[in-house]
Chemist: 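One structure, pasted below without further comment.
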Amino acid sequence: MVESLVEFLTQLPTVGILVFALVIAFVENIFPPSPSDVLIVFCGTLVGVGAVGFIPLASAATFGGSAGFIVMYLIGKKFG
């Protein structure tokens, strides 16, 4: 499963990579056993080869992770 996602990720344009990193970081907070760390590390490799910039990728992943944390916080607050 991870291998097919990595292949898919290499074919995305820059904006697609950023959106994918945001979604993966978001999902990691909602469903903790997801293999998102492997994919985020691979996104970091794409920074090294120049497919995407470091600051945009780090910002997208940080925003996705923070949004996922906020959603889980609000769910916990609502349901105790």
Side-chain angles (χ1 to χ4, degrees):
M1 178 179 163
V2 172
E3 294 167 356
S4 62
L5 288 173
V6 168
E7 285 182 34
F8 169 74
L9 189 58
T10 58
Q11 299 172 359
L12 290 176
T14 302
V15 173
I17 294 169
L18 295 175
V19 169
F20 188 78
L22 186 142
V23 169
I24 286 298
F26 179 82
V27 168
E28 181 180 17
N29 283 297
I30 305 298
F31 304 107
S34 68
S36 59
D37 291 336
V38 172
L39 298 172
I40 292 294
V41 168
F42 184 73
C43 287
T45 303
L46 294 176
V47 169
V49 297
V52 66
F54 172 74
I55 299 296
L57 182 66
S59 299
T62 300
F63 181 76
S66 298
F69 177 78
I70 289 169
V71 167
M72 290 308 292
Y73 171 79
L74 293 174
I75 289 171
K77 185 177 177 180
K78 181 173 181 168
F79 295 109

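Keep in mind that this is a model prediction, so the values were computed, not measured. For the single chain, residues carry numbers from 1 onward in sequence order.
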Chemist: Can you give me every donor-acceptor pair (side chain of residues 71-80, partner residue at least two apart or in another chain, under 3.5 Å) with its distance?
Modeler:
none

Chemist: Identify all side-chain donor-acceptor contacts of residues 48-64 below 3.5 Å with residues at least two apart in sequence or on another chain.
Modeler:
from : atom 1 : to  : atom 2 : distance (Å)
S59  : OG     : I55 : O      : 2.8
T62  : OG1    : A58 : O      : 2.7

Chemist: Check residues 20-29 and write down every donor-acceptor pair under 3.5 Å in which the side-chain atom is one partner and the other belongs to a residue at least two apart or another chain.
Modeler:
from : atom 1 : to  : atom 2 : distance (Å)
E28  : OE1    : S36 : OG     : 3.4
N29  : ND2    : A25 : O      : 3.3
N29  : ND2    : G65 : O      : 2.8

